Amino acid sequence: MKIEMKVNGKTVSGEIEGRTLLVDFLRKDLRLTGTHVGCDTSQCGACTVHMNGEQVKSCSVLAAEADGSEVTTIEAMQNADGSLNTVQQAFQDYHGLQCGYCTPGMVMAATALLKDNPKPTEAEIRHHLEGNICRCTGYHNIIKAIMAASGQDVQAVAAE
Ligand code: FES
Ligand code: FES
């Protein structure tokens, strides 16, 4: 079947099978490999993108379901001049990543959170990230990064 959608502001189309997942369309057809696949059980959140402004796990969405929608991936998150945006910079500044595998999904999830809740509490951040797994950081620095990105006092983040 033929699908068409807007990805990172550009209209794209493709010929897909009905069972094709959005994450595979993004990675294989569009070569947007910043969206990662970390599991086959819809648990890890490495594949998180925004669809019509809402965060979704792109391994849990059929590409056909995204037909006609607007999708944003990590590739479009930097500032217009190519520099890291506020959330990305905070991840770097507060060491919110180690191997980086979970990071695109974390950034997309954090961005969605801050859009709806610009000053989340630590508990709200932890709750929001329940669908995003990180095997490296222990989450502490990710929480700090998101607190910093929202202009809040990082010292207030509870010690591990
Ligand atoms: Fe989508 Fe793990 S790859 S949740
Ligand atoms: Fe390695 Fe999160 S930084 S999985």
Side-chain angles (χ1 to χ4, degrees), residues 3 5-8 12 14 16-78 83-116 120 122-150 152 154 157-160:
I3 56 169
M5 65 186 81
K6 214 172 233 192
V7 177
N8 298 338
V12 297
I16 56 149
E17 291 184 39
R19 62 182 177 166
T20 303
L21 299 172
L22 177 58
V23 68
D24 291 327
F25 180 66
L26 294 171
R27 288 178 53 85
K28 294 179 184 160
D29 293 57
L30 304 183
R31 306 300 305 156
L32 292 171
T33 54
T35 300
H36 291 164
V37 177
C39 70
D40 55 13
T41 51
S42 301
Q43 282 183 315
C44 76
C47 62
T48 303
V49 301
H50 298 170
M51 187 168 125
N52 296 328
E54 301 293 329
Q55 93 179 56
V56 295
K57 290 181 174 179
S58 60
C59 73
S60 306
V61 177
L62 292 171
E65 291 178 85
D67 187 29
S69 69
E70 290 201 23
V71 174
T72 305
T73 71
I74 190 68
E75 281 85 354
M77 296 307 284
Q78 75 276 19
S83 60
L84 299 179
N85 75 11
T86 305
V87 173
Q88 292 170 315
Q89 189 62 54
F91 269 71
Q92 180 172 339
D93 292 346
Y94 289 90
H95 309 289
L97 64 144
Q98 288 181 28
C99 80
Y101 201 85
C102 70
T103 311
M106 289 289 182
V107 169
M108 299 310 285
T111 302
L113 169 65
L114 296 182
K115 180 166 77 79
D116 292 340
E122 179 182 344
E124 287 170 336
I125 296 171
R126 288 187 186 277
H127 178 71
H128 188 81
L129 294 183
E130 274 177 0
N132 289 75
I133 292 173
C134 176
R135 292 186 184 278
C136 304
T137 65
Y139 302 97
H140 193 62
N141 288 349
I142 292 175
I143 309 299
K144 278 187 170 178
I146 298 172
M147 290 293 269
S150 60
Q152 301 189 86
V154 168
V157 177
E160 275 177 292

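Treat the numbers as computed from the prediction; the structure is a model and nothing was measured. All ligand and atom numbering here is 1-based and tracks the order in the structure.
For Val61 against Met51, the heavy-atom pair with the smallest separation is CG1-SD, 4.0 Å. Ala110 and Val87 get closest at one heavy-atom pair: CB-CG1, 4.1 Å.
No donor-acceptor distance shorter than 3.5 angstrom exists from the side chain of Tyr139 to the backbone of Gly96, with no hydrogens or angles considered. Of the possible donor and acceptor atoms, one in the side chain of Gln88 sits under 3.5 Å from a partner among the backbone N and O of Asn85. Between the Gln55 side chain and the Met108 main chain, no donor and acceptor come within less than 3.5 Å of each other. Side chain of His128 to main chain of Ala109: a donor-acceptor pair is present (N/O by atom type, distance under 3.5 Å, no hydrogens or angles). Ser58 places a side-chain N or O within donor-acceptor distance of the main-chain N or O of Cys47, the cut-off being under 3.5 Å. His36 places no side-chain N or O within 3.5 Å of a backbone atom of Ala46 that could act as its donor or acceptor partner.
Distance check for Cys99 against atom 1 (Fe) of ligand 2: an N/O/S atom falls below 2.8 Å. Because the distance cut-off is set at 2.8 Å, Cys39 qualifies as a neighbour of atom 2 (Fe) of ligand 1 through one of its N, O or S atoms. Put simply, Cys102 stays out of reach of atom 1 (Fe) of ligand 2, with no N, O or S atom under 2.8 Å from it.
Distance from atom 3 (S) of ligand 2 to its nearest protein heavy atom, with residue and atom name: Gln98 N, 3.2 Å. Nearest protein heavy-atom neighbour of atom 4 (S) of ligand 2: Arg135 N, 3.3 Å.
Interface of Gly100 with ligand 2, defined as ligand atoms under 4.0 Å from a residue heavy atom, comprises 1 (Fe), 3 (S). Against a heavy-atom cut-off of under 4.0 Å, Cys59 is close to the following atoms of ligand 1: 1 (Fe), 3 (S), 4 (S). For ligand 1, the atoms closer than 4.0 angstrom to any heavy atom of Val37 are 3 (S). Those atoms of ligand 2 that come under 4.0 Å of a heavy atom in Cys134, given as number and element, are 2 (Fe), 3 (S), 4 (S). Remark: ligand 1 atoms within the under-4.0 Å shell around heavy atoms of Cys47 are 1 (Fe), 3 (S), 4 (S). Remark: ligand 1 atoms within the under-4.0 Å shell around heavy atoms of Gly38 are 3 (S).
Under 4.0 angstrom from ligand 1, the non-hydrogen atoms of Cys44 come from both its backbone and its side chain.
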